[in-house]
Amino acid sequence: MTERILIIDDDDLVRTGLSANLERAGFDVAAAASGDEAIRHLGDNRYDLVVCDLVLGDTNGIDLLRQFQSLAPDMAVVMITGHGTVRNALDALRGGASDYIQKPADPEEVIHRIRMVLDTSNIRKNLEDERRRAEERKRFFHDQLIRSERMSSIGVMAEGAASDLGSILDPVKGLPGEIAGKLGDGHEAQTQLRALDEALAKAAGIVHDMQVIGRSGTIKMKPLNLNDVIGRFMDTTEYRRISAEHPKVRLDVDLDGALPGMAGSELHLAQALANLYVFQCELMANGGVVRIQTTSEFVKQPVGRYGSGEPGDYVLLQIEDTAMTLADEDLERLFEPFYVREKMGRHMTSGLALSLVYRVVQDHGGYIHVGPSEVAGNRFTLYFPVLEAAEGESLELTPDYTGQETILLVDDSQTQRDEAVAILTALGYDVVTAANGREAVAMFEEWKREARAPQTALSVIDLVLGDDFDGVETYKSIIELFPDQKAVMASGFSDISRIVEAKKLGILATIQKPYTLDSLGRTVRRVLDEG
């Protein structure tokens with residue numbers, strides 16, 4: 001870039017001659033005949049260097065030098081005079097001048113000394129810029145360290161609290177169903193018991209979230225494609241529920257067809273995606289657009305606002321909204337438990353939703369960056385390392401619980417039905433549901449009337465569905481219609497006599513509620529494969 005120089009001298013011959021010499025040397029030159037004219041130039045333009053006469057008609061060069069330092073503190077100044085003394089030179093240098101030249105001076109010498117001053121000034125500016133960048137990097141990494149330590153402390157606290165709360169909840173989780181079974185369908189307390197059962201299920205969900213936040217690095221991974229996770233999430237009842245609650249928000253999806261694979265837990269990734277989607281929908285109460293995009297790139301310096309990684313190839317999940325840009329104060333504490341709900345007024349289910357997102361990304365070896373979108377709103381970018389296995393290396397994987405069969409889920413708790421549907425859908429199954437045993441049996445009766453085979457490969461039936469028609473009676477009625485129908489019995493408490501009776505009828509396995517990925521996924525896959 002051509003340096004800009006301002007010549008200030010009230011001697012027209014000196015001014016024009018010096019300007020011509022500097023222009024021939026390649027500089028962009030402007031000239032002023034007085035101090036006032038020079039100040040006007042500096043108000044309208046930026047200059048890299050000023051050559052100023054020490055004695056001007058309307059002012060003193062030293063006084064003008066002080067004004068230069070106020071107007072343009074980074075600009076270099078060279079004083080030039082025909083009335084030079086040692087004292088004048090010292091005054092100029094002490095006042096901030098970069099050099100002092102005595103008239104008359106050889107034109108080549110003037111150009112050489114100006115170049116020296118400019119080079120020195122550029123070096124000083126580069127050093128200052130580098131020092132400033134170093135300080136910014138230091139502050140950035142210090143903030144990251146503080147944030148990481150804070151989240152780590154929160155994780156330890158969450159794990160401890162989850163353990164204590166789990167110990168309290170475990171003995172009572174099955175009591176509403178047990179009591180409901182003993183009271184019978186017509187009892188007036190059934191409504192309250194169902195509400196209590198749903199409240200306990202929500203409490204168990206919060207405890208589960210706290211466990212995820214606290215147990216860093218313990219989720220089970222397998223090779224997967226993030227596009228598939230997004231596609232299956234959009235087929236879940238969870239996605240449909242969120243969309244129904246936010247009808248004014250439109251979702252656009254742009255997935256990279258050549259996206260490389262990664263190692264991950266589909267259930268946890270889908271939950272993180274759902275939580276972010278809910279958060280961004282709630283940012284746009286009056287409607288807007290959420291855009292989900294996947295891509296991949298090689299990242300030389302993998303550093304985000306929330307974490308960092310090793311240089312390499314990354315799968316990127318970008319989620320943009322058209323909401324108002326988040327404030328720095330909110331961004332600073334966005335992923336801390338309860339901050340979003342309590343401080344930003346969001347209605348997230350437990351207040352732990354974004355904390356779970358942060359933990360899931362950390363457990364996948366990734367990091368997060370949040371900033372303004374290029375168009376409007378906010379952009380969340382989640383970075384996940386690309387899965388690369390060395391030749392001949394085998395990946396240690398968890399058992400594959402996925403499938404494509406159709407499963408019938410019979411459970412009278414809406415909350416627990418939704419949890420089980422989310423788990424089975426994430427594993428790839430098609431799921432149909434029934435809220436009670438008679439509704440389930442009606443499906444099989446219709447298939448029988450139409451002389452069709454059952455559309456379900458397996459039924460998962462809750463044991464407690466009412467005194468006169470519980471899970472055992474439901475299964476008994478089903479096998480009277482289709483003797484080969486496979487089934488699994490689920491129970492929130494242990495009624496040994498009914499479970500024994502169910503096994504005599506042909507129930508192939510039992511699972512303990514609440515539903516979990518491991519217990520439900522493993523049992524369903526084993527029964528389907530082995531019968």
Side-chain angles (χ1 to χ4, degrees), residues 1-11 14-103 105 107-143 328:
M1 184 179 70
T2 302
E3 290 96 339
R4 303 192 71 198
I5 297 177
L6 176 62
I7 307 296
I8 309 169
D9 200 304
D10 56 358
D11 186 321
V14 173
R15 191 172 62 251
T16 55
L18 188 55
S19 297
N21 288 334
L22 291 174
E23 285 177 347
R24 281 196 294 271
F27 296 107
D28 182 5
V29 183
S34 66
D36 288 342
E37 187 180 355
I39 295 301
R40 287 196 297 273
H41 271 281
L42 289 173
D44 298 334
N45 300 280
R46 185 196 64 82
Y47 294 94
D48 298 292
L49 182 140
V50 166
V51 178
C52 181
D53 192 8
L54 184 63
V55 180
L56 295 166
D58 61 343
T59 187
N60 179 284
I62 300 298
D63 293 336
L64 201 56
L65 176 61
R66 296 190 185 99
Q67 295 185 63
F68 294 161
Q69 291 176 328
S70 174
L71 291 170
D74 295 332
M75 183 178 65
V77 178
V78 174
M79 302 302 295
I80 185 167
T81 182
H83 309 282
T85 65
V86 172
R87 182 172 180 177
N88 286 343
L90 289 175
D91 287 344
L93 294 173
R94 286 171 182 164
S98 301
D99 202 354
Y100 183 92
I101 300 175
Q102 180 74 40
K103 296 179 184 178
E108 293 300 322
E109 175 67 16
V110 173
I111 293 171
H112 172 70
R113 291 173 70 170
I114 285 176
R115 288 193 185 279
M116 291 285 289
V117 169
L118 286 170
D119 289 344
T120 302
S121 178
N122 288 333
I123 291 172
R124 185 182 298 111
K125 288 178 182 177
N126 289 337
L127 287 174
E128 287 297 325
D129 289 343
E130 182 57 37
R131 185 179 296 111
R132 185 169 55 253
R133 286 193 293 269
E135 287 296 324
E136 290 173 353
R137 287 195 297 269
K138 182 179 178 181
R139 285 195 299 271
F140 176 80
F141 285 111
H142 177 265
D143 291 344
D328 283 341

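For reference, positions follow the sequence shown, starting with 1.
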Inset, instruction - Kindly say whether R4 contributes a backbone atom to a donor-acceptor pair with the side chain of D48 at under 3.5 angstrom? - result: yes
Inset, instruction - Quick one: closest heavy-atom pair of P107 and N21, and the distance? - result: CB-ND2, 3.5 Å
Inset, instruction - For I101 and V78, run side-chain contact (heavy atoms from CB on, under 4.5 Å): C-alpha distance rounded to whole Å, both residues' side-chain angles, the deciding distance at 0.1 Å, then the answer. - result: CA-CA 7 Å; I101 300 175; V78 174; 3.7 Å; yes
Inset, instruction - Drop me the distance from I39's CD1 to S70's OG, to the nearest 0.5 angstrom. - result: 9.0 Å
Inset, instruction - Specify the closest pair of heavy atoms between I7 and S19, including all atoms of both residues, with the distance to one decimal. - result: CG1-OG, 3.8 Å
Inset, instruction - To the nearest 0.5 Å, tell me how far R113 CZ sits from Y100 OH. - result: 10.5 Å
Legend entry - Residues that A76 engages under side chain to side chain contact (heavy atoms under 4.5 Å, CB included), provided they are two or more places apart: L49, S98, V117, S121
Legend entry - Test: E135 and R132 ion pair at under 4.0 Å: no
Legend entry - M116/D99 under side-chain contact (heavy atoms from CB on, under 4.5 Å): CA gap, chis, key distance, verdict: CA-CA 10 Å; M116 291 285 289; D99 202 354; over 6 Å; no
Inset, instruction - Output the distance between atom CD (E23) and atom OG1 (T2), rounded to the nearest 0.5 Å. - result: 11.5 Å
Inset, instruction - Answer whether the closest heavy-atom distance between the side chains of I80 and L54 falls below 4.5 Å. - result: no
Legend entry - Electrostatic pair K125-E128, nearest N-O below 4.0 angstrom: no
Legend entry - Least distance between heavy atoms, Y47 atom then M75 atom: O-CG, 3.4 Å
Legend entry - pair M79-V77: side-chain heavy atoms closer than 4.5 Å: yes
Legend entry - Verdict with supporting geometry, I8 and L64, side-chain contact (heavy atoms from CB on, under 4.5 Å): CA-CA 10 Å; I8 309 169; L64 201 56; 4.3 Å; yes
Legend entry - Residue pair D9 / R15: nearest heavy atoms and the distance that separates them: O-NH1, 2.7 Å
Inset, instruction - Without swapping roles, check the side chain of E37 against the backbone of A33 for a donor-acceptor pair under 3.5 Å. - result: yes
Inset, instruction - Without swapping roles, check the side chain of H41 against the backbone of A32 for a donor-acceptor pair under 3.5 Å. - result: no
Inset, instruction - Taking the side chain as every heavy atom from C-beta outward, state whether D28 and I5 have any atom pair closer than 4.5 Å. - result: no
